Amino acid sequence: MRKTLYLKFVLAYFIFAVFAFIAVTMFVPSMTREQLVREKAESLYAEATLISENYASGLYTSEISLEEVKTQLDSLAVYLNSVIRIINPSGRLVLDTDNPINVEDAVIIENFDPTITKGSYYTVDKFFGQYQNNVLSVFAPITSDYKVKGYVVINHEMSAIETSCNNILNISYITLVITILLSVIILIFFTEMVYAPLTKITYATEQYASGNMHYEFQVDSDDEMGYLAACLNYMASEIARGEDDQKKFVANVSHDFRSPLTSIHGYLEAMLDGTIPPELHEKYLNIVLNETERLTKLTNSLLTLNNLNTKGMLLDKTDFDINQVIRRVAATFEGSCRQKNIAIEVILTGEKMYVNADKGKIEQVLYNLTDNAIKFSHQNSVIKIETTEKKNKLFISVKDAGIGIPKEDQKLIWDRFYKSDLSRGKDKKGTGLGLSIVKEIINSHDEHINVISTEGAGSEFIFSLPQSSINEEEDDPV
Ligand code: ADP
């Protein structure tokens with residue numbers, strides 16, 4: 001593809017050069033020659049008419065002598081570089097600036113016929129056989145008493161016109177050669193600005209097509225080519241990043257599935273071959289049960305994340321009372337709170353507070369945040385779930401006085417499968433997917449979630465939701 005594009009352009013260049021050459025050599029000479037002949041004929045005809053009116057007609061009315069006219073016309077003929085003749089309609093030569101006056105021996109121009117011009121006022125021929133080569137002849141009639149008495153004929157050698165024609169043509173040929181040479185600049189520009197970057201881009205796309213998404217290249221121009229190259233580079237780096245993420249994701253998933261499966265397999269095998277005595281079966285079956293719960297949780301989280309991504313986050317937004325949802329979620333955790341002697345304190349704005357969001361998904365957000373708060377809280381502590389109104393937003397905070405999150409981990413907790421080292425001891429069942437689900441849900445609502453945490457002191461997760469207009473209607477006194 002690369003070679004043909006360049007060849008095509010070079011071919012186009014040569015076609016241009018050949019056609020320009022043909023056009024200039026074929027049409028320009030004849031057009032220039034015609035134009036020069038016409039111009040010369042026009043100026044000579046004007047002279048001939050002047051001679052006819054000023055001198056020749058006087059000659060026929062005997063107002064002026066033949067010698068006098070000859071003297072005048074001789075010098076004019078030299079000036080015009082032509083031969084001036086006065087000829088009778090019968091063809092008899094009255095006066096000829098090329099020859100002296102000879103009254104006795106009259107010269108007759110055989111077959112003299114002024115209508116030979118056929119409606120025009122000039123001809124290009126051998127002038128009734130008087131010349132070896134073609135001459136330009138203009139005819140101006142001499143009239144007296146409404147009769148044509150004779151003709152003023154000016155003959156001009158064509159070789160003189162040819163010389164000026166050739167001079168003009170030489171200039172055209174030089175211009176043509178300069179134009180063709182200068183257009184090589186376009187070829188150079190094309191090579192530098194289009195062909196060379198395109199070669200780089202094509203090579204890069206070949207690399208990408210063969211799977212080398214990490215290939216990097218640079219086109220240093222800020223035109224469309226540069227932009228295309230930058231876009232391609234960006235696209236490839238994004239795909240490469242996506243591939244890396246996917247590899248990491250699969251590695252994480254496999255790892256998280258393998259460890260519970262290995263322990264389940266190990267315990268069951270040990271129970272079957274008698275390594276674990278029957279009286280300890282219950283203890284180990286409980287561990288196996290725990291591991292299966294972990295696997296179920298992991299599978300459910302993966303399915304939730306997958307649904308969030310594939311559906312492009314189709315939200316089923318409704319106006320609902322968030323206070324009721326918060327209370328219900330808090331109640332769900334009564335059992336686990338009792339085990340750790342944790343109290344959940346719920347501080348809500350108003351009896352009812354309507355928000356506009358996807359109820360099911362927000363419930364999941366609250367569930368994940370409260371679950372984390374309990375998991376990472378110390379025994380006998382308090383978890384606060386609080387709502388605050390600001391402008392048209394409602395801010396919901398889930399705050400614990402637990403282990404906290406190290407500063408360097410705070411950005412990473414939103415990543416899939418991320419679990420801080422600090423939390424591993426506290427939470428063996430964790431999947432590292434809970435907060436990425438939370439973030440996806442909140443972002444899809446075009447809202448924000450933040451964490452404020454101090455290691456060893458506790459964490460607070462705050463997210464916003466848009467308030468519903470139902471709140472204003474309820475506030476309005478009826
Ligand atoms: P997991 O299911 O493992 O809890 P999450 O995505 O919900 O996964 O959380 C990721 C990590 O963020 C946790 O492993 C923990 O290190 C940290 N984390 C989340 N919530 C809290 C919290 N309330 N207190 C301390 N650390 C937290």
Side-chain angles (χ1 to χ4, degrees), residues 245 248-249 251-260 290-309 326 329-330 332-333 336-337 339-346 361-386 395-444 448-463:
D245 283 355
K248 228 185 326 173
F249 183 78
N252 282 332
V253 174
S254 320
H255 175 264
D256 275 46
F257 268 93
R258 204 168 45 199
S259 26
N290 258 338
E291 294 293 57
T292 55
E293 271 172 18
R294 197 173 140 198
L295 280 175
T296 313
K297 199 176 161 200
L298 184 66
T299 318
N300 286 341
S301 298
L302 281 173
L303 281 175
T304 312
L305 261 183
N306 195 40
N307 282 344
L308 293 179
N309 287 340
I326 293 172
V329 170
T332 324
F333 287 99
S336 34
C337 283
Q339 279 174 12
K340 287 178 92 176
N341 201 20
I342 290 171
I344 299 184
E345 197 179 321
V346 179
K361 295 203 168 72
I362 296 303
E363 196 165 350
Q364 166 107 60
V365 168
L366 281 166
Y367 186 92
N368 287 6
L369 293 179
T370 317
D371 186 36
N372 279 347
I374 295 168
K375 271 193 304 194
F376 301 114
S377 277
H378 304 296
Q379 299 261 352
N380 312 317
S381 63
V382 177
I383 290 169
K384 264 190 199 166
I385 305 180
E386 197 172 346
F395 292 86
I396 301 147
S397 126
V398 179
K399 188 176 178 182
D400 64 64
I403 59 170
I405 306 165
K407 218 168 176 48
E408 63 276 13
D409 287 350
Q410 286 180 16
K411 268 192 183 155
L412 305 169
I413 52 169
W414 311 104
D415 292 350
R416 289 173 186 189
F417 294 107
Y418 186 80
K419 291 183 235 171
S420 80
D421 290 339
L422 202 65
S423 65
R424 280 182 210 276
K426 283 246 169 203
D427 173 36
K428 294 204 172 60
K429 279 192 198 167
T431 60
L433 292 172
L435 284 182
S436 41
I437 293 175
V438 166
K439 191 152 180 87
E440 293 251 9
I441 293 175
I442 297 299
N443 285 352
S444 72
H448 302 282
I449 178 156
N450 279 317
V451 61
I452 304 163
S453 184
T454 311
E455 200 179 331
S459 314
E460 182 176 11
F461 287 83
I462 309 162
F463 65 95

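Keep in mind it's a predicted model, so treat the numbers as computed, not measured. When a ligand or atom number is given, it counts from 1 through the structure's own listing order.
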Please name the pair of heavy atoms, one in I344 and one in I385, separated by the smallest distance, quoted to 0.1 Å. CG2-CD1, 3.9 Å
For Y418, take its heavy atoms, then give the atoms of ligand 1 lying under 4.0 Å from any of them. 10 (C), 11 (C), 14 (O)
Within the structure, is a non-hydrogen atom of S459 found at a distance of less than 4.0 Å from ligand 1? yes
Anything under 30° is parallel, anything over 60° is perpendicular, the rest tilted; go ahead and classify F333 against Y367. tilted
Close-contact set for ligand 1 against K375 heavy atoms, below 4.0 Å: 1 (P), 2 (O), 4 (O)
Enclosure of K439 NZ (heavy-atom neighbours >12, cutoff 6.0 Å): yes
Below 3.5 angstrom, do we get any N/O pair linking N372 and ligand 1? yes
Shortest non-hydrogen contact between I374 and C337, atoms and distance: CD1-SG, 3.7 Å
Taking all non-hydrogen atoms of both residues into account, name the closest pair between G432 and S436 and its distance. O-OG, 4.1 Å
Is N368 close enough to touch ligand 1? Criterion: a residue heavy atom under 4.0 Å from a ligand atom. no
Any side-chain heavy atom of K361 within less than 4.5 Å of one from E440? no
Show me which atoms of ligand 1 lie under 4.0 Å from any heavy atom of G432. 1 (P), 2 (O), 3 (O), 6 (O), 8 (O)
Does an N or O anywhere in L435 fall below 3.5 Å from an N or O of ligand 1? yes
Below 4.0 angstrom from a heavy atom of L433, which ligand 1 atoms are there? Numbered from 1 as shown, please. 6 (O), 8 (O)
Check: I405 N/O within less than 3.5 Å of ligand 1 N/O: no
Between K340 and K375, the two heavy atoms sitting closest are NZ-O, 3.2 Å
Please work out, at 4.0 Å between heavy atoms, whether the side chain, the backbone, both, or neither of D400 comes within that distance of ligand 1. side chain
Decide whether an N or O pair under 3.5 Å exists between F461 and ligand 1. no
Using side-chain contact (heavy atoms from CB on, under 4.5 Å), reason through F461 and N372 one step at a time and then give a plain yes or no. CA-CA 10 Å; F461 287 83; N372 279 347; 5.5 Å; no
